[in-house]
Amino acid sequence: MAIVPDLLQVKDLRKTFAAKRGLFSRNRRAVHAVDGVSFSLGTGETLGLVGESGSGKSTLGRLMLRLIDPTAGSVQLEGRELTTLSPAQVRAMRSDIQMVFQDPYGSLDPRKTIATTLAEPLKVHGTWTPESSARIRETMLRVGLNPDHAERYPHQFSGGQRQRIGIARALMLNPKVLVLDEPVSALDVSIQAQIINLLKALQRERGLSYVFIAHDLAVVRHVSDRVAVLYLGKIVELADRDTLYGNPAHPYTEALLSAVPHPDPDAAQARRPIIAIGEIGSATQLPSGCRFHPRCFRARALAGGAPGAVPEVCQREEPVLQARPAGGFVACHFPEPVRSLSPDSTEH
Ligand SMILES: Nc1ncnc2c1ncn2[C@@H]1O[C@H](COP(=O)(O)OP(=O)(O)OP(=O)(O)O)[C@@H](O)[C@H]1O
Ligand code: SF4
Ligand SMILES: [Mg+2]
């Protein structure tokens, strides 16, 4: 299906949490969870969103649904601003944009039957009619569940079936956009493939748009048209899938990809060493200039390789996301890989 651009537009979105310094402390510190993120999503498109734990992926997803309010920035769906909607308007907007969570068990009410859970969105939106029971059965069937099990409770289903229930619930209002937050991370590999195939088939049939959040870069490669790489609340690279995986420009993307097994074990990329970059920094004390600079093996190589040395511009100036001749966008002052790096010099 052809992708129609700009169904959803996110502009300079920010979320700063005020978190307590300690259990008994009155002092609060600012956590810059999402720190100026912009992207667009087309109809029928899947945008993969990757980054280490704590990079702000779930916060970004929750902001898009207005499950939390942004500190600043804009989210527009078909040109309609979502960040300024009243609570009643937010409820109405949820028929267009829905979320599927990693842990369907945690997000399903254990005391409610599946029929009750699937009826709820229609009742909240005032669109429940006597024919809606048939719609519940149809939706269950479409996501691969036996409609005769509609009166069962979540604990009577397997993990994969529970994720199918989560997807069915998200589909009940016929949304345009699904934000899928690690939808297969908790499942066995064989079940993961089934759920991904289901999501792809639903997308083809209904023209759905997905924001697909995941740690697993191999899964993201399989499902995405474009991929955005998030680091400490900022997109550091955004490109179409083949450019990003075949020719990454940002050293952080290079490091993440170096740990992913290549589909063809004989390919040259499959023999590249894993680039170790240590732990993610803190979203409360962001480094000056480029927030990746304390971990950047490229900057270190450019500055001569001494521990802690980086080009002055990397410490001083925050790089902005810029178009790259090879395609895509990258936020780096030195946006091409340094091919002469030896494997040893890449490791911390
Ligand atoms: N309600 C909150 N209050 C304070 N800080 C928060 C809150 N929610 C998230 N954070 C912080 O915001 C940052 C981003 O968190 P987020 O959950 O969005 O990351 P993530 O990329 O989804 O991580 P993961 O891969 O582990 O799910 C982290 O530093 C996290 O500790
Ligand atoms: S701007 Fe400098 S520190 Fe940041 S990623 Fe690029 S080379 Fe590394
Ligand atoms: Mg998360």
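Indexing begins at 1, ligand by ligand and atom by atom, following the structure's order.
Looking at residues two or more places apart in sequence or on another chain, you find a side chain to side chain contact (heavy atoms under 4.5 Å, CB included) between Ala255 and Ile275, Ile277, Phe297. In this view, Asp242 satisfies the salt bridge (charged side-chain N to carboxylate O under 4.0 Å, His left out) rule with no residue, not counting sequence neighbours.
With respect to atom 27 (O) of ligand 1, the closest heavy atom belonging to the protein is Ser58 OG, 3.8 Å. Remark: minimum distance from atom 11 (C) of ligand 1 to any protein heavy atom is reached at Val31 CG1, 3.7 Å. Nearest to atom 19 (O) of ligand 1 among the protein's heavy atoms is Gly56 N, 3.3 Å. In terms of protein heavy-atom proximity, atom 9 (C) of ligand 1 is nearest to Phe17 CE1, 3.5 Å. Of the protein's non-hydrogen atoms, the one nearest atom 12 (O) of ligand 1 is Ala33 CB, 3.2 Å. The protein heavy-atom contact nearest to atom 26 (O) of ligand 1 is Ser53 OG, 2.4 Å.
Using a 4.0 Å cut-off between charged nitrogen and carboxylate oxygen, Glu254 and Arg298 count as a salt-bridge pair. A salt bridge links Asp12 to Arg14: at least one charged side-chain nitrogen sits closer than 4.0 Å to a carboxylate oxygen. With respect to Asp35 and Arg291, a salt bridge is recorded, a charged nitrogen being found less than 4.0 Å from a carboxylate O. Salt bridge annotation for Glu336-Arg324: present, with a cationic side-chain nitrogen under 4.0 angstrom from a carboxylate oxygen.
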Can you check salt bridge (Lys or Arg N to Asp or Glu O under 4.0 Å) on Glu45 and Lys176, steps first, answer last?
CA-CA 11 Å; Glu45 183 182 34; Lys176 297 178 172 121; over 6 Å; no

Assess the residue pair Glu237 and Thr253 against the criterion (side-chain hydrogen bond (donor to acceptor under 3.5 Å, both in side chains)); give the C-alpha distance rounded to whole Å, side-chain angles, the decisive distance to 0.1 Å, and a yes or no.
CA-CA 7 Å; Glu237 185 158 10; Thr253 316; 2.7 Å; yes

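Residue Thr59 holds the heavy atom nearest to atom 15 (O) of ligand 1 of all those in Val34, Thr59, Leu60. The option with the heavy atom closest to atom 25 (O) of ligand 1, from among Arg29, Arg28, Lys57, is Lys57. Of the listed residues (Ser282, Ala18, Gly54), the one carrying the non-hydrogen atom nearest atom 14 (C) of ligand 1 is Gly54.
The stretch residues 183-232 participates, sequence neighbours left out, in these ring-ring contact (aromatic ring centres under 6.0 Å, His included) pairs: Tyr231-Tyr252, Tyr231-Phe292.
Residue contacts with ligand 1 include Ser55, since one of its heavy atoms falls under 4.0 Å from the ligand.
Listing protein N, O or S atoms at distances below 2.8 Å from atom 6 (Fe) of ligand 2, with waters left out, gives Cys332 SG.
With no hydrogens or angles considered, a side-chain donor-acceptor pair links Gln203 and Thr46 at under 3.5 Å.
With a 4.0 Å cut-off on non-hydrogen atoms, Glu52 touches ligand 1 through its backbone and not its side chain.
In terms of polar-atom proximity, defined here as any N/O pair under 3.5 Å, Gly51 makes no such contact with ligand 1.
Few gaps surround CD on Glu205; more than 12 heavy atoms of other groups in view lie less than 6.0 Å from it.
Atom 30 (C) of ligand 1 is not flagged as protein-proximal [any protein heavy atom, distance under 4.0 Å].
The structure places CG of Leu108 at 12.0 Å from OG1 of Thr116, a figure rounded to the nearest 0.5 Å.
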